[in-house]
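Position 1 is the first residue of the sequence, and the numbers go up from there.
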Amino acid sequence: MSVPMGPRAREAALRRLAEDEFDVLVVGGGVVGAGVALDAVSRGLSVALVEARDLAAGTSSRSSKLIHGGLRYLEQLDFRLVREALRERGLLVTRLAPHLVRPVPFLLPLRHRVWERGYVGAGVLLYDTLGGARVLPRHRQLSHSRALREAPGLRSDALVGAIQYYDAQVDDARFTMTVARTAMQYGACVTTRAKVTGFLRDTLSDGGGRVVGALVRDLESGAELRVRARQVINATGVWTDEIQRLAGASPGTRGSVTVQASKGVHLVVPREKIRLDTGLILRTEKSVLFVIPWGPHWIVGTTDTPWDLDKVEPAPTRADIDYILEHVNAVLRTPLTHDDIEGVYAGLRPLLAGSASRSQTVKLSREHAVIRPEPGLVIVAGGKYTTYRVMAKDAVDVAVAGLGQKVPASVTDRVPVLGAAGFEALRNNRRRLAGRAGLPVARVEHLLGRYGSCVEEVLALVEADPGLGDPIPGAEGYLKAEAVYAVTHEGALHLEDVLVRRTRVFIEERDHGLAAAPVVAALIAPALGWDDDRVRAEIDAYRSGVEADLAAQREIDDTAANAVRLAADAPAGRVA
């Protein structure tokens, strides 16, 4: 059985934050912060993690949802980065998270008959080779007719042939949350809605200072906590510059790092709107465009533009949406329209800023940096989702050097995340599980792909209350039990947390979950101790966020869309 991350666990975590001194305090609950917490605690260190919003509320819930080596980085001759990412992909698919990370084929259309097939084919062959052991199938060269059989929805004149290769995909928000839960399973103290407002310092004998913890505000109660830690690791992604300023450092100066945010927008459309039996990757003049299978939907994206506005809610614009539609429609037999779009989401990539022009963020390095701007404080920045574990290891290695004690090396390449152990055996027994819970086998297969071996805990809720085995009205892809489990075991504190990140109702349903919101709010209210007024406030806050998102998408430029998004006052948190 897993350790529940529910309201009682949060109360206990807050007491620990106030009373204990930790070896490591991690700031940031994205995938890198969660990875840092797991790496540190699995080395035997005492660890706390604080996140100002919800786990994966920022970049780590708004990616292309791919675990990949970065095929386009081969063109930049960044072989080390590609090899590193492909190694991590292999670990995730086979050992660390086979229940959450799964292979997906992609078709790369060719427009030129001779040179392009040889040039691209050599690159994809190298991609296969750098991946090491044959974890995923090798690439295939496809003729024009064979490519159209795989992708009948493509225009015949959009390609002369194609290459099909494999990468992997993940529900980024669920994976991040699961890594954090795994860290908690090993003893880490994980607390969301806990914002760092300053740093604690001791004066050294030479007159200098040392960071010895952080001031943390519990955003649920308003309480202020002084959290003591021997080392603080900042893993806040696009908020890195703000945290550095809070620590008294200026981004761009010696001993600091500067992060440039780049906005990426994705569309979600119904599966039947694009006739493909494979994912698709297209080149554009500004970015790489993916068409990625996502259950009964496709995810289509992305854009790549500099962003200096509100980092909490980067707003997609009409121009972003039109850009994606224009480029994907250039190859489709039946063009997509605005009416086909079910969901839109925008995220920010935390790119390390160097000498490159701000208008060329697509060319900035995706490699990461780990720095120690002052004693007691470590900052990790940059990187990409796929290599989160390497970034976490490197950050903890630097922090360990400041502890003055012998600490074991990282073991996270051998530590499966929660739900991985026993997953294959349960998948083989899915018919028995389905019969026991009175659910269709297909539904249990879906649950296994979200919870792995923790599916037993979800099914136990259904066995105790058969009504929880019913689909959520307005979000029939999910069971009522999943909403309850989100707050009892997965740390969800608000309606938004459940509809946006523990499930993906917000981007998958055409009404963005407005019909499901009252049902879900009623389901989770008892576990969270909400009265009727609080239930109404949560529903109103969620509706306000949805309406603001839709209004922003009607604006043509970033500034106008950002202003519309900020105008929404959602007291319980905004949707993403």
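- Residues Val520 and Leu495 meet the side-chain proximity criterion, which asks for heavy atoms closer than 4.5 Å.
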Start with the C-alpha distance between His494 and Glu538, add both sets of side-chain angles, then the distance that settles side chain to side chain donor-acceptor pair (under 3.5 Å), and finish with yes or no.
-> CA-CA 7 Å; His494 292 280; Glu538 289 279 336; 2.7 Å; yes
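- Atom-to-atom distance recorded for Tyr165:OH and His68:NE2 is 8.5 Å, nearest 0.5 angstrom.
- Contact annotation: the side chain of His297 never approaches that of Pro270 to less than 4.5 Å [non-hydrogen atoms, C-beta and beyond].
- Partner Tyr345 forms a side-chain contact (heavy atoms from CB on, under 4.5 Å) with one of Val500, Leu267, Ile299 and no other, that one being Ile299.
- In this pair, Phe175 and Tyr385 present their aromatic rings tilted. The plane angle is within the 30 to 60° band.
- Counting only heavy atoms from C-beta outward, the side chains of Leu14 and Leu225 approach each other to under 4.5 Å.
- Here Arg140 pairs with Glu150 in a salt bridge; the nearest charged N to carboxylate O distance falls below 4.0 Å.
- Looking at Asp39 and Tyr388, their side chains never bring a donor and an acceptor atom within 3.5 Å of each other.
- Few gaps surround CZ on Arg271; more than 12 heavy atoms of other groups in view lie less than 6.0 Å from it.
- Ring pair Tyr485/Tyr451 is perpendicular by interplanar angle, where above 60° counts as perpendicular and below 30° as parallel.
- You'll find the side chain of Leu91 reaches within 4.5 Å of the side chain of Arg87, heavy atoms only.
- A salt bridge links Asp397 with Arg43: the distance from a Lys NZ or Arg NE/NH1/NH2 to an Asp or Glu carboxylate oxygen falls below 4.0 Å.
- Around CZ of Arg8, the count of heavy atoms belonging to other residues, nucleotides or ligands within 6.0 Å does not exceed 12.
- Annotation: cation-pi pair Arg89/Tyr166 absent, no NZ/CZ under 6.0 Å from the ring centroid and within 45° of its normal.
- Asp218 and Arg10 are joined by a salt bridge, as a carboxylate oxygen and a charged side-chain nitrogen come within less than 4.0 angstrom of each other.
- Between Arg349 and Thr59 the shortest side-chain heavy-atom distance does not fall below 4.5 Å.
- At a threshold of 4.0 Å, the pair Glu482-Arg450 counts as salt-bridged, since one of the basic side-chain nitrogens sits closer than that to a carboxylate oxygen.
- Looking at Val26 and Val50, their side chains never come closer than 4.5 Å, going by heavy atoms from C-beta outward.
- Between Phe506 and Tyr542, the angle of the ring planes goes over 60°, which puts this pair in the perpendicular group of the 30/60° scheme.
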Decide yes or no on side chain to side chain donor-acceptor pair (under 3.5 Å) for Ser453 and His99, but give the supporting numbers first.
-> CA-CA 8 Å; Ser453 54; His99 56 311; over 6 Å; no
Determine, step by step, whether Ser61 and Asp172 satisfy the side chain to side chain donor-acceptor pair (under 3.5 Å) criterion, reporting the C-alpha distance in whole Å, the side-chain angles of both residues, the deciding distance to 0.1 Å, and the verdict.
-> CA-CA 5 Å; Ser61 62; Asp172 48 5; 5.8 Å; no
I would like to know whether Trp294 and Glu508 meet side chain to side chain donor-acceptor pair (under 3.5 Å); could you show each step before the answer?
-> CA-CA 9 Å; Trp294 182 257; Glu508 293 173 347; 2.9 Å; yes
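- Here Arg174 pairs with Glu490 in a salt bridge; the nearest charged N to carboxylate O distance falls below 4.0 Å.
- Counted by atom type alone, Gln405 and Arg230 present one or more donor-acceptor pairs between their side chains at under 3.5 Å.
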Step-by-step salt bridge (charged side-chain N to carboxylate O under 4.0 Å, His left out) determination, Arg193 to Asp497 = CA-CA 11 Å; Arg193 311 285 175 177; Asp497 300 344; 2.6 Å; yes
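- A salt bridge between Arg501 and Asp171 is absent, with no side-chain N of the basic residue lying under 4.0 Å from a carboxylate O of the acidic one.
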